[in-house]
Amino acid sequence: MDEGVETVRGGTAANSPVRAAFDLLIGEARSAGFKLIPRVGRTAVPSVEFQYPDRRRNPFSVHARAGHLLFYLRRPILRAHPELFAAATARFGPVKPNSLDEYRASLHTSEEVIDMLNFLREHAAWPMRA
């Protein structure tokens, strides 16, 4: 893992289900071809943005916390798939609105990461496995 991603990963507890979930999500993002953009520093909330390999748009983001991951469906993916926010709400529950109108899910385990990625694949919002 590169240093920035490792810094974000450090927000999770060692040997915890949350760390395993983070590692799985990062591995899946790499396998899907996303470029990983760590956001760390004094003014940034430690996170990793998932950027499309062919354009500078970040459809997903993950913030690592000690007890959970906050996984964001960001504007680029929500604009490309207008039904996605409502479908995520129906499947995973409502979220408090934020200023960017993003959907965010609290993920605690690898099983929840798999469920989220399968949901995204069902909606053609995450690359299918080969």
Side-chain angles (χ1 to χ4, degrees):
M1 249 181 242
D2 70 43
E3 185 177 333
V5 173
E6 188 62 38
T7 298
V8 176
R9 182 179 186 259
T12 64
N15 301 315
S16 69
V18 174
R19 180 162 290 179
F22 180 84
D23 291 346
L24 175 64
L25 184 58
I26 293 299
E28 289 285 333
R30 281 192 171 118
S31 292
F34 289 106
K35 182 178 178 182
L36 302 180
I37 311 293
R39 303 282 187 219
V40 295
R42 292 183 311 158
T43 60
V45 174
S47 63
V48 179
E49 300 280 339
F50 301 175
Q51 188 175 87
Y52 289 120
D54 58 344
R55 56 194 182 278
R56 294 182 54 109
R57 297 230 179 234
N58 304 345
F60 307 102
S61 177
V62 63
H63 298 227
R65 311 284 188 184
H68 65 280
L69 305 175
L70 284 177
F71 183 67
Y72 286 75
L73 309 183
R74 305 207 48 227
R75 282 183 186 171
I77 202 66
L78 295 173
R79 285 183 180 150
H81 300 271
E83 80 293 345
L84 198 57
F85 193 102
T89 299
R91 176 114 167 228
F92 301 106
V95 295
K96 289 172 47 176
N98 73 6
S99 62
L100 299 176
D101 295 324
E102 300 166 325
Y103 187 88
R104 64 204 169 284
S106 183
L107 306 176
H108 303 87
T109 66
S110 295
E111 291 78 15
E112 291 175 347
V113 169
I114 291 167
D115 190 33
M116 175 60 76
L117 295 179
N118 285 339
F119 164 79
L120 292 170
R121 287 182 185 109
E122 290 165 13
H123 291 274
W126 189 275
M128 297 300 278
R129 292 175 188 249

Look up atom [atom1] in [X] and atom [atom2] in [Y], then write down how far apart they are to the nearest 0.5 Å.
X	Y	atom1	atom2	value
His108	His68	NE2	NE2	6.0 Å
Phe85	Leu73	CZ	CG	8.5 Å
Ile114	Leu107	CD1	CG	11.5 Å
His123	Asn118	NE2	CG	11.0 Å
Glu111	Leu24	CD	CG	9.0 Å
Asp101	Leu78	CG	CG	8.5 Å

Scan for salt bridge (charged side-chain N to carboxylate O under 4.0 Å, His left out) pairs involving residues 87-99, sequence neighbours excluded, and state none if there are none. Arg91-Asp115, Arg91-Glu122
Considering non-hydrogen atoms only, spot the tightest contact between [X] and [Y] and give its length.
X	Y	result
Met116	Ala105	CE-CB, 3.5 Å
Ala125	His81	CA-NE2, 3.7 Å
Tyr103	Ala88	OH-O, 3.4 Å
Ala29	Leu36	CB-CD2, 3.9 Å
Ala13	Ser16	O-OG, 2.6 Å
Gly4	Asp2	N-OD1, 3.1 Å

With a 4.5 Å heavy-atom cut-off, do [X] and [Y] have their side chains touching?
X	Y	answer
Ile77	Phe50	no
Leu69	Thr12	yes
Arg19	Asn15	no

Under 4.5 Å between side-chain heavy atoms, hopping through other hydrophobics if needed: is there a path connecting Phe92 to Phe71? yes
Tell me whether Val95 is reachable from Leu120 by hopping between hydrophobic residues (I, L, V, M, F, W, Y) whose side-chain heavy atoms are closer than 4.5 Å. yes
Can you tell which of Val8, Val113, Val5 makes a side-chain contact (heavy atoms from CB on, under 4.5 Å) with Ile26?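 Of all the options given, the one that passes is Val5.
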Counting heavy atoms not belonging to Asn98, are there more than 12 under 6.0 Å from its CG?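 Enclosed.
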Could you work out the complete set of other residues in the hydrophobic cluster of Leu70, with links drawn between I, L, V, M, F, W and Y side chains under 4.5 Å apart? Tyr72
Under 3.5 Å donor-acceptor pairs involving side-chain atoms of residues 56-66, not counting sequence neighbours:
residue : atom : partner : partner atom : Å
Asn58   : OD1  : Gln51   : NE2          : 3.2
Ser61   : OG   : Glu49   : OE2          : 3.4

